[in-house]
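Sequence lines set the chain letters: A, B, ... in the order given, protein chains first and strands last, and positions in each chain run from 1. This structure is a prediction, so every number in the text was calculated from the model and none was measured.
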2 protein chains.
Amino acid sequence: MARPFVVDIHTHVYPPSYMAMLRDRKTVPYIHDPSDKGTPRLIILSSDDDPAIPIDQRGRPVDSSYSDINVKLDFMKKHDIDCSVISLANPWLDFLSPDEAQTWARLINDDLNATCANVNSAADPDNTIPLQQKRSLFAFGALPLSAPTPDIIVEEIHRLSSLPHIRGVIMGTSGLGSGLDDGNLDPVWAALEESQQVLFLHPHYGLPDEAFGGPEITARYGHVLPLALGFPLETTISVTRMLLSRVFDRFPRLRILLAHSGGTLPFLAGRIESCIAHERKFKENGGDVPGPQRSVWDVLKTNIYLDAVVYGKAGLQAAIAAGSTDRLLFGTDHPFFPPLGDENEKWLSVTINYAAIDDTLKEDPASVAAVLGGNAVRILDLK
Amino acid sequence: MARPFVVDIHTHVYPPSYMAMLRDRKTVPYIHDPSDKGTPRLIILSSDDDPAIPIDQRGRPVDSSYSDINVKLDFMKKHDIDCSVISLANPWLDFLSPDEAQTWARLINDDLNATCANVNSAADPDNTIPLQQKRSLFAFGALPLSAPTPDIIVEEIHRLSSLPHIRGVIMGTSGLGSGLDDGNLDPVWAALEESQQVLFLHPHYGLPDEAFGGPEITARYGHVLPLALGFPLETTISVTRMLLSRVFDRFPRLRILLAHSGGTLPFLAGRIESCIAHERKFKENGGDVPGPQRSVWDVLKTNIYLDAVVYGKAGLQAAIAAGSTDRLLFGTDHPFFPPLGDENEKWLSVTINYAAIDDTLKEDPASVAAVLGGNAVRILDLK
């Protein structure tokens with residue numbers, strides 16, 4: 001049997017223009033580049049920007065895997081990935097001053113589109129080879145969320161629809177700065193709904209250190225608590241706030257892809273639904289505030305897609321039960337979680353997720369193929 | 001076919017002595033009792049103690065369902081529950097001053113044991129009826145965690161082993177005040193391991209309001225964000241801190257029952273394991289701190305039991321995949337999440353969990369019976 005066609009929908013790049021911008025910055029996020037005295041370091045989390053840590057040990061080493069598209073292509077070959085839908089990594093453009101947001105968003109989105117175009121035309125100069133028989137790239141664009149007015153964001157969403165390799169947008173959880181239940185985002189939701197661009201919702205801010213017992217305890221275990229627990233909760237909180245503020249009632253055709261299999265949404269969906277049903281504050285229960293009209297389950301089956309970046313059968317089973325096998329999409333999170341040992345080996349962070357999909361769906365090869373690539377082709381209209 | 005024997009292992013009581021203590025307090029947790037001018041209110045969460053809210057609307061109404069064991073027995077009859085393992089509700093004794101911790105712990109644990117003894121002897125005066133044919137009570141004890149020295153906690157653990165109806169202890173996530181990765185807890189873990197008492201680990205403190213976007217946003221949606229998301233994450237963080245600090249390496253025979261199906265542990269176990277494997281700080285990866293030797297999966301299959309209080313098939317499937325059907329135990333969370341409508345109807349918060357168990361395990365009646373009661377009988381040695 002032929003190997004299934006594999007699409008990686010969770011794979012990040014820092015285009016060269018974005019790297020240059022980060023090198024010029026001195027506050028998070030920034031790149032510390034000691035030139036010929038060692039590997040540059042990327043400091044993207046506030047918790048990593050600890051003055052007690054020497055600057056050449058803060059954050060993480062940032063090598064060509066972050067920005068060189070040939071490294072991405074080598075990674076794809078090594079892991080049998082045929083097609084990647086690349087996206088800017090967190091924190092995207094959240095930190096830009098209002099006056100520069102639009103310029104940078106256009107520049108970076110054009111860069112991403114051009115990167116895809118260059119790679120795709122090199123692999124298939126006459127555009128005659130079927131998608132399934134070549135290595136190809138598509139991209140999620142980034143939004144100028146700090147722009148002075150939402151009009152600029154809306155304008156960029158519509159402009160992205162005209163870029164041939166863009167298949168949606170990636171966004172964090174801060175929205176315009178007040179979270180995703182901010183009513184001022186309604187024009188953005190409307191534009192996404194109208195254009196039917198997929199919104200890839202991805203964490204960056206995590207949880208406050210106090211959630212883990214304070215900065216000293218957070219730091220004690222390296223990145224484990226913020227990345228393993230803070231990131232997934234951030235995603236879950238943000239999408240729950242969208243639900244509670246009735247975004248999905250107002251914009252029932254939104255299409256959202258949640259990173260890391262929804263954070264913890266599939267597991268907690270039942271508890272969220274029960275807590276809503278038992279909340280006296282909501283009008284249907286005698287309170288004075290309208291509650292969400294649509295259930296979490298309905299939203300999970302209608303508006304939400306989940307990536308399969310959950311590193312095990314337990315999480316995948318919940319993701320499938322809450323959503324379905326035809327709403328689940330393979331991803332890698334490259335270039336994050338590289339192997340700590342032999343750099344030539346296959347990445348553990350990738351092989352775990354491949355194995356989890358096989359283990360969970362081994363009785364159902366059609367679903368394996370759907371999760372690995374078929375769903376992405378259909379949902380993102382890859383061609 | 002006979003109805004399965006049903007044990008509720010997640011059901012809280014405030015014994016009368018505990019209620020009296022809360023009535024005497026003016027800081028969280030406390031009971032505001034307006035005497036004949038309305039229902040007393042229980043304020044157990046700091047977020048509920050908002051001076052902007054009139055005192056007779058803060059927290060939640062606290063009626064006889066919290067303290068009257070006859071109300072518990074009526075609830076059990078209505079929901080076909082044969083046996084309940086009652087436990088003090090959060091925040092247990094965490095807030096007591098050091099000098100009064102031991103006295104209150106003994107008093108309350110003796111109260112709990114006596115309550116069980118009274119109910120059980122009334123139902124079966126000669127102690128001749130098999131467990132499966134009568135309504136009965138057992139209890140988890142509470143620990144004097146604020147006592148001046150851990151010796152007092154250890155002493156109470158061993159004393160609890162002599163109380164015939166006590167089957168373990170319930171505990172929050174703060175430990176001695178610094179969380180469950182505090183090395184000073186080692187004598188407590190050792191005593192629990194030696195006595196093989198089950199530790200029922202239950203959330204109370206949730207997450208800081210900032211995790212949800214600040215107090216104004218947290219309050220906007222009533223209790224939904226703190227209870228639906230904060231509670232489960234608190235549990236997950238605490239048990240992950242235990243794992244990272246190598247508690248399960250040092251005390252491999254600990255037996256821990258996690259509330260709300262582990263918070264989110266089954267879903268996030270894979271991500272936790274992957275983050276540990278990719279953490280440079282841990283010695284096996286070239287760092288200078290010893291990492292946990294045992295995997296999350298091993299701990300889930302060996303040390304951890306999960307209740308089935310997760311309100312849906314998606315969560316239950318993850319709980320079963322991460323643990324197993326013979327480590328999953330039915331519970332209700334009574335008296336929390338009462339119906340907001342007709343008080344005579346069956347509680348939605350209970351029927352959802354019954355239905356989820358049936359839905360998940362419908363092909364396997366033996367597993368349904370195990371989850372509903374058989375596992376609890378075996379694991380807690382009910383007889």
Side-chain angles (χ1 to χ4, degrees), chain A residues 178-179 181 207-208 210-213 217 220-225 227-229 232-233 236-237 240-241 244 260-261 264 266-282 285-287 289 297 310-315 317-319 321-322 337-338 340-341 348-349 352 356, chain B residues 178-179 181 207-208 210-213 217 220-225 227-229 232-233 236-237 240-241 244 260-261 264 266-282 285-287 289 297 310-315 317-319 321-322 337-338 340-341 348-349 352 356:
Chain A
S178 305
D181 52 0
L207 294 174
E210 287 63 36
F212 303 118
I217 286 170
R220 187 181 299 169
Y221 308 115
H223 290 97
V224 175
L225 293 172
L227 288 184
L229 310 184
L233 244 285
T236 313
I237 290 169
T240 304
R241 286 173 62 182
L244 293 172
H260 316 118
S261 292
T264 62
F267 190 83
L268 291 180
R271 188 168 171 90
I272 293 167
E273 198 59 22
S274 174
C275 283
I276 291 171
H278 290 92
E279 176 51 55
R280 288 178 197 275
K281 193 170 191 108
F282 290 139
N285 296 328
V289 177
W297 303 115
V310 69
Y311 308 96
K313 185 178 179 177
Q317 283 200 318
F337 304 111
L340 298 185
L348 178 67
S349 55
I352 293 175
Chain B
S178 304
D181 53 1
L207 293 175
E210 288 64 35
F212 303 116
I217 286 169
R220 187 181 298 169
Y221 308 115
H223 290 95
V224 175
L225 293 172
L227 289 184
L229 310 184
L233 243 285
T236 313
I237 290 169
T240 304
R241 286 172 62 183
L244 294 172
H260 315 119
S261 292
T264 61
F267 190 82
L268 292 180
R271 188 169 171 90
I272 293 167
E273 197 60 20
S274 174
C275 283
I276 291 170
H278 290 92
E279 176 52 56
R280 290 180 196 273
K281 192 169 191 108
F282 291 138
N285 296 329
V289 178
W297 303 116
V310 70
Y311 308 96
K313 185 177 179 177
Q317 284 199 319
F337 304 112
L340 298 185
L348 177 68
S349 55
I352 293 175

field: Structural part of Leu244(B) lying under 4.5 Å from a heavy atom of chain A
entry: both
message: Give me the atom names and distance for the closest heavy-atom approach of Trp297(A) to Tyr311(B).
response: CZ2-O, 4.2 Å
message: Is Ala269(A) close to chain B through its backbone or its side chain, or both, or neither, when contacts mean heavy atoms under 4.5 Å?
response: neither
message: Counting only non-hydrogen atoms closer than 4.5 Å, does Leu207(A) touch chain B with its backbone (N, CA, C, O), its side chain (CB onward), both, or neither?
response: side chain
field: Which atom of Cys275(B) lies closest to which atom of Leu227(A), heavy atoms considered
entry: SG-CB, 4.0 Å
field: Pairwise side-chain contact, Leu233(B) with Thr236(A), heavy-atom cut-off 4.5 Å (strictly under)
entry: no
- prompt: With a 4.5 angstrom heavy-atom cut-off, which part of Ile237(A) approaches chain B: side chain, backbone, both or neither?
  reply: both
query: How close do Leu348(B) and Ala277(A) get, heavy atom to heavy atom, and via which atoms?
result: CD2-CB, 3.9 Å
- line: Whatever's closer than 4.5 Å to a heavy atom in chain B on Leu229(A) counts as both
query: Where on Ser261(A) is there a heavy atom nearer than 4.5 Å to chain B: the side chain, the backbone, both, or neither?
result: both
- prompt: Does any heavy atom of chain B fall under 4.5 Å from the side chain of Pro208(A), the backbone, both, or neither of them?
  reply: side chain
query: Counting N and O atoms only, with roles assigned by atom type, does the side chain of Glu279(A) sit under 3.5 Å from a partner on the main chain of His223(B), one being a donor and the other an acceptor?
result: yes
query: Shortest non-hydrogen contact from His278(A) to Pro338(B)?
result: CD2-O, 3.3 Å
- request: Please report the closest heavy-atom contact between Ala314(A) and Pro266(B), naming both atoms and the distance.
  value: CB-O, 3.5 Å
field: Check: Arg271(A) side chain, Pro232(B) main-chain N or O, donor-acceptor pair, under 3.5 Å
entry: no
- prompt: Using the ring of each side chain (for Trp, its six-membered ring), is Phe267(B) parallel, tilted or perpendicular to Phe267(A), with breaks at 30° and 60°?
  reply: tilted
field: Note, Asp181(B) side chain near Tyr221(A) side chain (heavy atom, < 4.5 Å)
entry: yes
statement: d(Ile217(B) CD1, Arg241(A) CZ) to nearest 0.5 Å is 3.5 Å
